[in-house]
Number of protein chains: 2
Amino acid sequence: MLSQSIEDYLKAIYEIESSEGKVSTSALSEKLGVSPASVTSMVKKLSERKLITHKRYQGVKLTPAGRKIALEIIRHHRLVELYLKEALGVPWDQVHQEAEKWEHVLSEDLEDRIDKFLGYPVTDPHGSPIPRRDGTMIVRQCNALVDVEPDTLVKVVEVSDHDPELLRYLGGIGLYPETEMTVVSKQPFKGPIIVELTGKEHPIGRNAAKYIMVEKARN
Amino acid sequence: MLSQSIEDYLKAIYEIESSEGKVSTSALSEKLGVSPASVTSMVKKLSERKLITHKRYQGVKLTPAGRKIALEIIRHHRLVELYLKEALGVPWDQVHQEAEKWEHVLSEDLEDRIDKFLGYPVTDPHGSPIPRRDGTMIVRQCNALVDVEPDTLVKVVEVSDHDPELLRYLGGIGLYPETEMTVVSKQPFKGPIIVELTGKEHPIGRNAAKYIMVEKARN
DNA sequence: AAAGAAATTTAGACAAGGCTAAAATAATTT
DNA sequence: AAATTATTTTAGCCTTGTCTAAATTTCTTT
Ligand SMILES: [Mn+2]
Ligand SMILES: [Mn+2]
Ligand SMILES: [Mn+2]
Ligand SMILES: [Mn+2]
């Protein structure tokens, strides 16, 4: 069995690898809320166990074995998020926090039962894809809302699950994965982006708009 | 937040206190699967935190604060056991093992949601009472099956959840909490106890019969 | 190209929670 | 009442995962 700490490191490395490409010590330090020195010592341990490769001063990379474990934990996380929402009615801004703990204690048997209960779902409540049992995951092609030109009809693909406050706001205006909306305008001087959905216009800050992934709606 | 270790110690102390009265270092050592020396050092820590009292060489006792926490964890454990059985169909011989891990990661909010989902239940799948939110618990008066005289009609109150194999056997013969059955005979030379339920007779070893709690059935 | 700044690693420490071996105390036999 | 045995505690060590401070390497600026 792997410790919770190791699982969290592998997951964090996977996520940074996906979004930034390169995984630096400082990025991990920030994401995990530990000192850079702590990261370095854990990195050493993970390399010894062949879960990552590490070139001194050059960042780390997951090995296939490490990636498999990362995806396994992410699968737990996302299945649990969806389960909590569907089965127990936990609001979508709270599921992430709970799943952070549950992901580490989910047995394979329970994972399968939850998967079956949910009808073998492919995305979590925030639109993130759920890795398959075999350690593969389909990544959907999409853009950050902040980069979309005005006057475009888009469909929400995925919303970051890390900021409960943002999620509550988005839930309040009815902005969920699969929702279609129109980007009306981008206010000048880094002002908010105005989107229209269900007939109303709503402002979304540039910063928030970095964490909302969309795709062009067909037609 | 208390560590998982501390929670497990408090729970173990509570359980030994209930069944044995006195809580010795060696009893804790055995129950938790750690060395007596480890128990002593944790006992020191728990006393410092005023969760237990300790007289050197004389065993430990929970303080009200310690008992409150123990019952909180036991509440988690039993709610989770029942939830896993009811909501996800986990067989009753496996729920204990899963609950051992989940009891430590259950938030108060989720505890309440599960409680509500289950309709505010009062016993777990093995017949053990579920402590209330306020830290009180109703203990039902009962006897071990091994002590019951032959020719008595009894109702099963509670079965120990620690041995999956026993639980599978009991499930196989339909012996669950609330089941009524007749103690037919006690075979000599510490032989098995024969009980009759649903028209058939079944042998139950003396040792197993220590872990099956029953009460006299009315009439 | 060199200096300064930033990022990373090393060194050394610490807290938690285990362990074994030895010492101290309590309980049981003789 | 001693002697023996069992239980409990102490002493000292280990692993995991963290920290701070200092040293090293890389990046950026001049
Ligand atoms: Mn986590
Ligand atoms: Mn999510
Ligand atoms: Mn436990
Ligand atoms: Mn139980």
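Basis for what follows: all heavy atoms, side chains included, without hydrogens, waters or symmetry-related copies. Here is the naming used below: chain letters follow the sequence lines, and residue numbers restart at 1 for every chain.
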[X] [atom1] to [N] [atom2], straight-line distance once rounded to whole Å:
X: L46(B); N: dG18(C); atom1: CG; atom2: P; result: 11 Å
X: L32(A); N: dT18(D); atom1: CG; atom2: C1'; result: 12 Å
X: K22(B); N: dA26(C); atom1: NZ; atom2: P; result: 11 Å
X: E7(B); N: dG17(C); atom1: CD; atom2: C1'; result: 15 Å
X: Q4(B); N: dA15(C); atom1: CD; atom2: P; result: 22 Å
X: K31(A); N: dA7(C); atom1: NZ; atom2: P; result: 18 Å
X: K44(A); N: dT9(C); atom1: NZ; atom2: P; result: 9 Å
X: L28(B); N: dT8(D); atom1: CG; atom2: P; result: 9 Å

Taking the minimum atom-to-atom distance to the side chain of [X], which one of [options] wins?
X: Q58(A); options: dT26(D), dT20(C), dT8(D); answer: dT26(D)
X: S38(A); options: dG17(D), dC19(D), dG17(C); answer: dC19(D)
X: P36(B); options: dG17(D), dT9(D), dC19(D); answer: dT9(D)
X: M42(A); options: dG17(D), dT8(D), dG17(C); answer: dG17(D)
X: K45(B); options: dT10(C), dG17(C), dT20(C); answer: dG17(C)
X: S3(A); options: dT10(C), dC19(C), dG17(D); answer: dG17(D)

Between [N] and [X], is there an OP1 or OP2 to side-chain N/O distance shorter than 4.0 Å?
X: H54(B); N: dT8(D); result: no
X: K55(B); N: dT8(D); result: no
X: T25(B); N: dT9(D); result: yes
X: S41(B); N: dG18(C); result: no
X: S26(A); N: dA6(C); result: no
X: R56(A); N: dT10(C); result: yes
X: Y9(A); N: dT18(D); result: yes

Hey, is CD on Q97(A) packed in by over 12 heavy atoms from elsewhere, all under 6.0 Å? no
If you count every heavy atom of other residues, nucleotides or ligands that lies below 6.0 Å from E108(B) atom CD, does the total exceed 12?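 Correct, the count exceeds 12.
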For S35(B) and for R49(B), find the nucleotide of DNA chain C with the closest heavy atom, then tell me which residue's nucleotide is more 5'.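 On the 5' side of the pair lies R49(B).
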Quick check: closest heavy atoms across S47(A) and V43(A), and the distance to 0.1 Å?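 In terms of heavy atoms, the two residues are closest at OG-O, 2.8 Å.
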Evaluate the side chain to side chain contact (heavy atoms under 4.5 Å, CB included) criterion for residues K116(A) and D112(A): first the C-alpha distance (whole Å), next the side-chain angles of each, then the deciding distance (0.1 Å), finally the verdict. CA-CA 6 Å; K116(A) 185 175 178 188; D112(A) 288 343; over 6 Å; no
Regarding dT24(D), can its base be found pairing with the side chain of Y57(A) as donor and acceptor, where the two atoms are less than 3.5 Å apart?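 Yes, a donor-acceptor pair under 3.5 Å.
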Per-pair distances, 0.1 Å, donor-acceptor, side chain in residues 119-128 of chain A, under 3.5 Å, sequence neighbours excluded:
residue	atom	partner	partner atom	Å
D124(A)	OD1	H126(A)	N	2.7
D124(A)	OD1	G127(A)	N	3.0
D124(A)	OD1	S128(A)	N	3.0
H126(A)	ND1	E81(A)	OE1	3.0
H126(A)	NE2	W92(A)	O	3.0
S128(A)	OG	E158(A)	OE2	2.9

How would you label the contact of T40(B) with the nucleic acid (heavy atoms, under 4.0 Å): base, sugar-phosphate, or nothing?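 Base, at least one base heavy atom under 4.0 Å.
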Please identify which of these residues, R67(B), K61(B), K22(B), meets the side chain to side chain donor-acceptor pair (under 3.5 Å) condition with E17(B).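 One option only clears the test, and that one is R67(B).
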